[in-house]
Amino acid sequence: MSRIQNQQNTVWIRNGNAYSPIETIEIIGRLGTFKANMFPVKVFCSAVSAGCIAAFASGATLVASDIPWMAENTPGLVKTLSSILFPCALVMIFMSGADLFTGSTMLTGVACLQGRIPWQKMLLHWFICFWGNFAGCLFVMAIIFGYGGLFTDPAQVKVIQSVVYAKQVVPQWHQIFIRAIGCNWLVCLAAYLGMAGRDLMSRAMGMWWPVFCFAMLGLDHVVVNMFYIPFGIWHHTPGVTVGLYIWKGIIPSLLGNLIGGGGFCGVYYYLMYLHNQDPVPIDGIYFPADLAKLEEGGALPQYESDEYVVSTQEQKK
């Protein structure tokens, strides 16, 4: 059991194999601060990598969906198999440190709410991530899958067209917008749970199930759709055009993802655990700006655990 104490109050945090909720959102804020201050070219390259990973995972789910007998007789089982596979995308992206636009809405959003970055840096990071993700998805879709000759079998083309038609043509604009809110709510919840883990497997398992839910429900993820919808256009899906994709695909899913990730996760967890709270140490270490403020104010909290005591004076050393 750990204690964070100052003159006003005491907050108890249990140590274990995972970070507590308050520690997890503090980690997210620190990571968002780091990412927002990265050199823009690095952010773009990292976002391209994330887009490529998302496209590879999306392609793998299409292969898992191409089981004719099961698709005809047990469609729910096919959907379950592909949905169980898809979370590998978020795991690979976060474990490799790549920048995903939808995740950035929470990471940099929390950092901005904490006052650690200006809102202009947050918006710039979103902008670069969005176009980097788009470039990565289009590269894998066109070069690796398209010119690489993958998904040329008529049965596979039929699967792609049916998926894209159901995602882009059938639903109305407001339905895609609402689905996108739920989608990034779950994706950022996955990121939040993943950040709570202290080891590789714990982080992977924390991310897996929320993403499984969003894939199983067929919710709209703006970055994943950067692969699916252009791939459907590539294979001449009836009724799907570039103009339709921009108006009915990018815009509603982009806005919905912003609200789902930034609002329902970022703002919510910030208000729950960080707003009007004492600075939070991670493994006994305070964020440098928080440490400076504590010293200026004369309040020097102490972080105690079963094994060690780390004061702010010791941290400076």
Side-chain angles (χ1 to χ4, degrees), residues 21-38 40 43-44 46-47 50-51 54 89-90 93-94 97-134 137 173-196 206-207 210-211 213-215 217 219-226 249-277 280 287:
I22 189 172
E23 289 175 311
T24 302
I25 195 64
E26 169 65 18
I27 292 171
I28 287 171
R30 294 187 187 189
L31 181 59
T33 304
F34 169 77
K35 287 185 172 295
N37 287 299
M38 286 174 59
V43 176
F44 181 77
S46 178
L90 190 69
I93 287 169
F94 269 81
D99 284 272
L100 189 68
F101 166 77
T102 47
S104 177
T105 61
M106 178 178 68
L107 297 178
T108 58
V110 171
C112 186
L113 289 171
Q114 290 178 294
R116 293 174 178 173
I117 61 171
W119 62 268
Q120 297 94 327
K121 277 194 173 183
M122 177 188 71
L123 293 179
L124 177 61
H125 194 268
W126 291 359
F127 179 82
I128 297 174
C129 283
F130 179 86
W131 291 109
N133 292 163
F134 209 162
C137 286
W173 195 98
H174 73 277
Q175 292 175 323
I176 295 175
F177 169 74
I178 294 171
R179 294 176 188 180
I181 293 176
C183 173
N184 208 31
W185 188 348
L186 288 170
V187 169
C188 287
L189 174 61
Y192 178 85
L193 296 176
M195 293 293 177
M207 294 180 193
V211 179
C213 289
F214 117 65
L217 291 168
L219 303 178
D220 283 275
H221 190 280
V222 66
V223 178
V224 174
N225 285 355
M226 291 173 182
I250 293 178
I251 295 176
S253 58
L254 170 63
L255 297 176
N257 285 170
L258 284 172
I259 294 172
F264 285 81
C265 277
V267 173
Y268 169 75
Y269 287 117
Y270 169 79
L271 292 175
M272 282 293 296
Y273 300 118
L274 296 180
H275 183 61
N276 288 335
Q277 295 294 325
V280 180
F287 188 74

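Quick note: numbers below take in every heavy atom, side chains included, and nothing from hydrogens, waters or symmetry partners. Start at 1 with the first residue, then count along the sequence.
Rounding to the nearest 0.5 Å gives a distance of 7.5 Å between CD of Q114 and CZ of F287. Going from atom CD1 of I176 over to atom SG of C183 covers 12.5 Å, rounded to the nearest 0.5 Å. Here the straight-line distance linking atom CD1 of I28 with atom OG1 of T108 works out to 11.5 Å at 0.5 Å rounding. Atom NE2 of residue H174 and atom CD1 of residue I178 lie 5.5 Å apart, to the nearest 0.5 angstrom. Note that the CZ atom of F94 and the CG atom of L90 stand 5.0 Å from one another [nearest 0.5 Å]. Distance check: C112 SG to L123 CG gives 8.0 Å after rounding to the nearest 0.5 Å.
In terms of heavy-atom proximity, K35 sits nearest to D99 at CD-OD1, 3.2 Å. The two atoms that bring A54 and V223 nearest to each other are CB-CG1, 4.3 Å, heavy atoms only. I128 and A47 make their closest contact through O-CB, 4.1 Å (heavy atoms, listed as atom of the first residue, atom of the second, distance). For the residue pair N257 and N184, the shortest heavy atom distance occurs at O-ND2, 2.8 Å. Considering all non-hydrogen atoms of both residues, P252 and A180 come closest at O-CB, 4.0 Å. Listed here is the closest heavy atom pair of G29 and R116: C-NH1, 4.0 Å.
Between W126 and F101, the ring-plane angle classifies as perpendicular under the 30° and 60° cut-offs. Using cut-offs of 30° and 60° on the angle between ring planes, the pair F177 and W173 is parallel.
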Run the side chain to side chain contact (heavy atoms under 4.5 Å, CB included) check on V43 and C129 step by step: do they pass?
-> CA-CA 7 Å; V43 176; C129 283; 4.0 Å; yes
CA sep, side-chain torsions, deciding dist, call: H125, L107, side chain to side chain contact (heavy atoms under 4.5 Å, CB included) = CA-CA 10 Å; H125 194 268; L107 297 178; over 6 Å; no
Between M226 and F130, is a side chain to side chain contact (heavy atoms under 4.5 Å, CB included) present by the stated rule, with each step listed?
-> CA-CA 10 Å; M226 291 173 182; F130 179 86; 3.3 Å; yes
Does the side-chain hydrogen bond (donor to acceptor under 3.5 Å, both in side chains) test come out yes or no for D220 and S253, once each step is laid out?
-> CA-CA 6 Å; D220 283 275; S253 58; over 6 Å; no
Give the C-alpha distance, both sets of side-chain angles, the deciding distance and a yes or no for side chain to side chain contact (heavy atoms under 4.5 Å, CB included) between I250 and F134.
-> CA-CA 11 Å; I250 293 178; F134 209 162; 3.9 Å; yes
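At distances below 3.5 Å, at least one donor-acceptor pair connects side-chain atoms of Y192 with backbone N or O atoms of P21.
Looking at L189 and Y269, their side chains come closer than 4.5 Å, going by heavy atoms from C-beta outward. Side-chain contact between M195 and L31 is present, with heavy atoms from C-beta onward closer than 4.5 Å.
Shown here is Y273, whose OH atom has more than 12 heavy atoms of other residues, nucleotides or ligands within 6.0 Å.
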